[in-house]
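Okay, so here's the structure we're looking at.
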Protein chains: 2
Amino acid sequence: MAKTNKNQDTEGQILDAAKNVFQKKGMDGARMQEIADAAGINKAMLHYYYRSKQLLFEAVFSNAFSLLAPQLNKILNDDSSIEEKVKNFTHNYISFIIKHPYLPNFIIQELNRNPKFFEKIQQNAAFPTLEKFKNQVNEEVEKGILKPINGEQLFINIISLNIFPFVATPLIKGFLKFDDKGFKQLMEQRKTAVSEFIINSIKK
Amino acid sequence: MAKTNKNQDTEGQILDAAKNVFQKKGMDGARMQEIADAAGINKAMLHYYYRSKQLLFEAVFSNAFSLLAPQLNKILNDDSSIEEKVKNFTHNYISFIIKHPYLPNFIIQELNRNPKFFEKIQQNAAFPTLEKFKNQVNEEVEKGILKPINGEQLFINIISLNIFPFVATPLIKGFLKFDDKGFKQLMEQRKTAVSEFIINSIKK
DNA sequence: ATTTTTGTTAACCAAATGGTTAAACCATAA
DNA sequence: TTATGGTTTAACCATTTGGTTAACAAAAAT
């Protein structure tokens, strides 16, 4: 911290620090002073570069969502079979989240606090949509590859199984009496356990 | 609101109001004044009955968790078969949450904010434990009733599928382009869709 | 070399917020 | 009737907090 900050990269340092603080404490719990300290700069700089807490928060939020959207596109707009997609998505997504453990909870929490944010991120470039996935599920059901299932419900199931443990980590660690290490192992297991669980359920 | 409040039930009114405000806004977002207004009383009463925001919050939190624990006990400590338990739990839990939609997110959010709360609720009377469920899964796997599956992973899967949609409601409504009514219908469907999904996956 | 623009800081400010207090209110037991 | 004790309120307080300002430093532009 508090390195000899030449002027240049201040804006990036702020965004980094803001990301850490906002993702850990949320909009309401975060303090501008704490962000400034984490960035090793004066609080006034936050306003110089981002005008207000609200705008700084929105920058962090959009940024976070931009990381998640491509992950979702892999299962929604990829061309492989549903089975392949489930396997790939589960494996990739869990790997991804292990590296960014605060992300899902941050997004969900702040979306609950202010559902209007959804519209803001929808304008984002590669915003994923469900149409292709639903059609593909219907096709594969008709072809007899999959047991009959509603595409929307399947989508919800897939993201529930993948995301929930990372949103409810303290709850799961508590019930299962796992420490950090045990929890991580459990999540590693899930890379295959979840896709098996899903495939078992839907494949004819 | 602001009825002719005889002295008696003030403490309860406060708890009610606090529940609403805390569950919607969380510890950090909630304001004591807002709680007082919601209860139709003077702010000083909050401190008279509960000393501090922290203690009032803890009262609300314990209370909320006491509602959820019995639901979990149904799947963990009931005597019926795994298949029965999955069916019953899914049906009951979703019905329950539709009536208390803020509950799961509230618990999860505040547990993330301060994981130590888990210890506080653990002391609670009928705190559910996983042992019986794990043993039962192993038994049924050995007996050939279920396909081989890890009891812990199955437990995580069950609660993920049941709870996640209510935690991530704005996200799901956004992606699936559902309004309140459509979302509620979707959740009604899930009472059977989720248990079918699980049973399909694990039953031999 | 000097003016202008951009970046940075310490000090400051007004509003919000959790919490306190002293006085008033009110039911009821003496 | 009047003490008595719990209950309720308006006013107040200290601190925190997001945000601003004015002065200053460092680059860029002239």
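Proteins come first, then strands; the chains are lettered A, B, ... in the order of their sequence lines, and each starts at number 1.
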Tell me the interatomic distance from [X], atom [atom1], to [N], atom [atom2], rounded to whole angstroms.
{"X": "B:Tyr50", "N": "C:dG18", "atom1": "OH", "atom2": "P", "result": "17 Å"}
{"X": "A:Asp9", "N": "C:dT8", "atom1": "CG", "atom2": "C1'", "result": "16 Å"}
{"X": "A:Asn42", "N": "C:dT6", "atom1": "CG", "atom2": "P", "result": "20 Å"}
{"X": "B:Phe57", "N": "C:dG19", "atom1": "CZ", "atom2": "C1'", "result": "19 Å"}
{"X": "B:Gln54", "N": "C:dG18", "atom1": "CD", "atom2": "C1'", "result": "12 Å"}
{"X": "A:Ile41", "N": "C:dG7", "atom1": "CD1", "atom2": "P", "result": "13 Å"}
{"X": "A:Leu46", "N": "C:dG7", "atom1": "CG", "atom2": "P", "result": "15 Å"}
{"X": "B:Met45", "N": "C:dT20", "atom1": "CE", "atom2": "P", "result": "15 Å"}

Can you spot which of B:Phe166, B:Phe65, B:Phe96 makes a side-chain contact (heavy atoms from CB on, under 4.5 Å) with B:Leu103?
-> B:Phe96
Quickly, which of A:Glu83, A:His91, A:Glu84 forms a side chain to side chain donor-acceptor pair (under 3.5 Å) with A:Lys87? Name it, please.
-> A:Glu83
Establish, yes or no, whether a centroid distance under 6.0 Å links the rings of A:Phe89 and A:Tyr93.
-> yes
Name all residues meeting the side chain to side chain donor-acceptor pair (under 3.5 Å) criterion together with A:Asn135; count only those two or more places apart in sequence or in a different chain, and write none if there are none.
-> none
Considering residues, nucleotides and ligands other than B:Lys132, do more than 12 of their heavy atoms fall under 6.0 Å from its NZ?
-> yes
Please state whether the phosphate of D:dT8, meaning OP1 or OP2, lies under 4.0 angstrom from any side-chain nitrogen or oxygen of B:Thr10.
-> yes
Give a yes/no answer on whether the side chain of A:Tyr48 brings an N or O atom under 4.0 Å of OP1 or OP2 in C:dT9.
->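 For C:dT9, neither OP1 nor OP2 has a side-chain N or O of A:Tyr48 closer than 4.0 Å.
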Are any protein N/O atoms closer than 3.5 Å to N/O atoms in nucleotides 14-18 of chain D? If there are, list each pair with its distance.
{"residue": "D:dT17", "atom": "OP1", "partner": "A:Arg31", "partner atom": "NE", "Å": "2.6"}
{"residue": "D:dG18", "atom": "OP1", "partner": "A:Ala30", "partner atom": "O", "Å": "3.4"}
{"residue": "D:dG18", "atom": "OP1", "partner": "A:Arg31", "partner atom": "NH1", "Å": "3.1"}
{"residue": "D:dG18", "atom": "OP1", "partner": "A:Lys53", "partner atom": "NZ", "Å": "3.1"}
{"residue": "D:dG18", "atom": "OP2", "partner": "A:Met32", "partner atom": "N", "Å": "3.1"}
{"residue": "D:dG18", "atom": "N7", "partner": "A:Lys43", "partner atom": "NZ", "Å": "3.4"}

Which nucleotide sits closest to the side chain of B:Ala44: C:dT8, D:dT21, C:dT20?
-> C:dT20
From A:Lys177 atom NZ to B:Gln122 atom CD, the distance as rounded to the nearest 0.5 Å |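 Output value for this atom pair is 7.0 Å.
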Okay, side chain of A:Gln153, backbone of B:Leu186: is any donor-acceptor separation there less than 3.5 Å?
-> yes
